[in-house]
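In this text the structure is predicted, and so the values were computed from the model without any measurement. Numbers here simply count residues along the sequence, with the first being 1. Side-chain atoms are counted along with the backbone in the values below, which use heavy atoms only and exclude waters and symmetry mates. Counting starts at 1 for both ligands and their atoms, following the listed order.
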Amino acid sequence: MWGRLWPFLLSILIATAVPGPSLRRPSRELDATPRMTIPYEELSGTRHFAGQAQNYSTLLLEEASARLLVGARGALFSLSANDIGDGAHKEIHWEASPEMQSKCHQKGKNNQTECFNHVRFLQRLNSTHLYACGTHAFQPLCAAIDAEAFTLPTSFEEGKEKCPYDPARGFTGLIIDGGLYTATRYEFRSIPDIRRSRHPHSLRTEETPMHWLNDAEFVFSVLVRESKASAVGDDDKVYYFFTERATEEGSGSFTQSRSSHRVARVARVCKGDLGGKKILQKKWTSFLKARLICHIPLYETLRGVCSLDAETSSRTHFYAAFTLSTQWKTLEASAICRYDLAEIQAVFAGPYMEYQDGSRRWGRYEGGVPEPRPGSCITDSLRSQGYNSSQDLPSLVLDFVKLHPLMARPVVPTRGRPLLLKRNVRYTHLTGTPVTTPAGPTYDLLFLGTADGWIHKAVVLGSGMHIIEETQVFREPQSVENLVISLMQHSLYVGAPSGVIQLPLSSCSRYRSCYDCILARDPYCGWDPGTHACMAATTIANRSQGSRTALIQDIERGNRGCESSRDTGPPPPLKTRSVLRGDDVLLPCDQPSNLARALWLLNGSMGLSDGQGGYRVGVDGLLVTDAQPEHSGNYGCYAEENGLRTLLASYSLVVRPATPAPAPKAPDTPGAQLAPDVRLLYVLAIAALGGLCLILASSLLYVACLREGRRGRRRKYSLGRASRAGGSAVQLQTVSGQCPGEEDEGDEEEGLGPGGQLSPDHPWGGSPSPTTPTAPTATS
Ligand SMILES: *[C@@H]1O[C@H](CO)[C@@H](O)[C@H](O)[C@H]1NC(C)=O
Ligand SMILES: *[C@@H]1O[C@H](CO)[C@@H](O)[C@H](O)[C@H]1NC(C)=O
Ligand SMILES: *[C@@H]1O[C@H](CO)[C@@H](O)[C@H](O)[C@H]1NC(C)=O
Ligand SMILES: *[C@@H]1O[C@H](CO)[C@@H](O)[C@H](O)[C@H]1NC(C)=O
Ligand SMILES: *[C@@H]1O[C@H](CO)[C@@H](O)[C@H](O)[C@H]1NC(C)=O
Ligand SMILES: *[C@@H]1O[C@H](CO)[C@@H](O)[C@H](O)[C@H]1NC(C)=O
């Protein structure tokens, strides 16, 4: 164990030397439990599409025509965005020929996965055509497709400089003003590259004397319209997010480092870049990159990035999902960080790094910086100095650009720390949208896809993230490959190996009471006292001013506003249970919210604690063991969440004195007349039968557990720690139905969990904190 730990303790020491935010953050307080769990069987309002193809990884939403275009393995689909499952889709079959496939197989590629035409690129080219590229059995091809007719053209374009060969290779691409901006490792050169093609000035990244990119695995790119409303006549810029080998860490040669440490990066180029005239000819003259820090050294593998407000650069920000660095391959944990464009811009305007030949390592460049500033776009002030384009830039500047692609300062997340550190989850993709609430404030709503086919819907609050719900969208565990939001359809589209799923962005009617509606903290939902219903806030917003202000929402705290409302929902019916003295009785009570704590009251006042007076309090109800007449009374099961208490179930329990057992009329029973040894035989036979039943029952339970575990069972969370923090003696445990060897999330011990799962409380994860972000406050 310690032998395995040392490298990581060492890497912390190295990491602390890197300028950056404080690493000493408690991680447990940044974990969040999804409030609701919606397993596949309980999905509602979803639509599904799957053709004959597999790997529905490329999605393109066209809001204007209400079409969702899908690139899959061997096919393209045009679905109606309103209902992707309406059966009225168009399909293009586009597979590599059998000859191509066998040639691919002969080259040593896998004919089960790689030797197909995986569509990796699908974008709008112009008003009439789409542009698509596929790996085409390791011979990439591209095609301009008539969007209306939706058929393949008769001629194709060479794809090797636009599309990766390997379907699993990181890739990102955009079409901007007709030019293709793609970034990946193009197999024929095996060096990663950011390129522009189908453009009068084709450009790529530099490789001599140093590589600007090292084994880069691209995740995301976006155009930010920084020219819009720019006072200085700035250019639009394309930002790239990727993970690459860190050459600057440790000593290493100029172009090649022995370091295998991979770090996250953000890079950018100017849209108006035309390359240099003599130096950096047909290369970017504006390329700059910087390290992207979230929670180092643990979380450095970038999985997904999304941009919000990219149209208005003053508000543009990004969310990124990280998983553990590659040495932690077997552990599952994810981090989410937010970055402001302004911070990235500041880093690109700051000091550069330089490879210092003397010490043979990278360090901060302290010398003079030539003018115009290397890596900047052509602005009005440069134009006034006669620099009309990048081709007019002086050699001194271009020589500097060649050798200084990396900035000295890393990009740190907003507030200097992650928004979420989630154990036991591997996020694979994310997307988000700002939601303006009727009262005015805007909240970012994120949708996070996991490696096992779940979607987490979360709202970003100042302090962190609140996960509104987790939804299992695929029966068979599979990796969420793509997520797209349609505001017009109020839908989320999920692309995955087996098909595409369409989900509503919100289902407010799920919340039945005012309390339930505000506890959810969904910025799309608010309680309307007029109709006594939890409503989509967007429909309310179209109404008169009067009813807008009446809508009850409390996204910030999630517990205020319902005090004067009598909309607590219909009280649960009183159920009567009558049992015999000495019996065990379970009073079921299901807590719909994973953040709620069960509270049981007897006769309206006495709080019952687990393990005392014959009571067992569990997530599925109250178990009364060995019932006695004094157990009789009225039992109320409450959910305590965020300082609010709601009645979920009430029972009237009557314990009857045990009537004398049906008289053991000794003389009449034949057993009594049997010889003692025969009676012993009976007892033995009954014992053997009982034992057999026990074995059968437990193996059945085991099989059931195995199956449930595989199928993404309904996840139950225990708030053991939270209740401890709240000072209450109520301890949640499952009293029945707990599968052997299963651990409740919150009860996990420190360090590495039983399944090799990482608990953020281990020595390098920060100091432990017993509170969960939404620990219920004291209830009076
Ligand atoms: C892949 O190649 C193997 C061996 O050459 C062959 O047996 C198999 O049928 C091929 N599979 C496909 C799907 O072409
Ligand atoms: C769009 O691009 C395609 C392919 O390059 C071309 O054939 C078509 O004429 C273009 N359409 C318009 C309206 O420019
Ligand atoms: C830049 O453009 C201006 C006006 O179009 C022109 O007068 C000037 O000669 C150009 N400068 C260079 C270096 O090309
Ligand atoms: C395609 O889907 C299969 C499962 O159907 C999966 O195993 C494979 O990894 C996927 N390939 C890519 C490139 O996503
Ligand atoms: C609400 O207003 C928006 C634009 O303000 C409109 O697009 C939408 O259709 C309206 N929704 C309803 C339900 O009227
Ligand atoms: C609760 O009330 C019932 C009758 O309503 C009574 O018989 C019982 O003793 C009470 N239990 C306690 C613990 O007060």
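- Distances from atom 4 (C) of ligand 2 to the heavy atoms of Ala144, Ala143, Gly178, Ser127 put Ala144 nearest.
- Within a 4.0 Å radius of atom 7 (O) of ligand 6, the protein has no heavy atom.
- Across Lys271, Arg198, Arg196, a single residue satisfies side chain to side chain donor-acceptor pair (under 3.5 Å) together with Tyr181, and that is Arg196.
- With a 4.0 Å heavy-atom cut-off, ligand 2 is reached by the side chain of Arg198 but not by its N, CA, C or O.
- Taking the six-membered ring where the residue is Trp, Trp94 and His136 present tilted rings, their angle falling between 30° and 60°.
- For the side chain to side chain contact (heavy atoms under 4.5 Å, CB included) with Ile191, the lone residue among Glu207, Arg204, Arg185 that qualifies is Glu207.
- Among all protein heavy atoms, the one lying closest to atom 12 (C) of ligand 6 is Asn603 ND2, 3.3 Å.
- The side chain of Leu602, and not its backbone, has at least one atom closer than 4.0 Å to an atom of ligand 6 (non-hydrogen atoms only; side chain from C-beta on).
- Distances below 4.0 Å separate heavy atoms of Thr128 from the following atoms of ligand 2: 1 (C), 10 (C), 11 (N), 12 (C), 13 (C).
- Here the options are Pro572, Cys637, Pro588, the test is side chain to side chain contact (heavy atoms under 4.5 Å, CB included), and the partner is Tyr651; only Pro588 passes.
- Distances below 4.0 Å separate heavy atoms of Gly386 from the following atoms of ligand 3: 11 (N), 12 (C), 13 (C).
- Ring geometry for Phe400 against His404 counts as parallel: the plane angle stays under 30°, on a 0 to 90° scale with 60° as the upper cut.
- Lys283 contributes atom NZ, which lies 3.5 Å from atom CD of Glu206 (distance to the nearest 0.5 angstrom).
- Judged by the 6.0 Å and 45° rule, Arg73 forms a cation-pi pair with Phe116.
- Counting protein heavy atoms only, atom 3 (C) of ligand 3 is closest to Asn388 ND2, 3.4 Å.
- Distance check for atom 14 (O) of ligand 6: a protein heavy atom is found below 4.0 Å.
- Distance check on atom 10 (C) of ligand 6: some protein heavy atom falls below the 4.0 Å cut-off.
- Of all protein heavy atoms, the one closest to atom 2 (O) of ligand 2 is Asn126 ND2, 2.3 Å.
- How far CG of Asp146 is from NE2 of His129: 4.5 Å, rounded to the nearest 0.5 Å.
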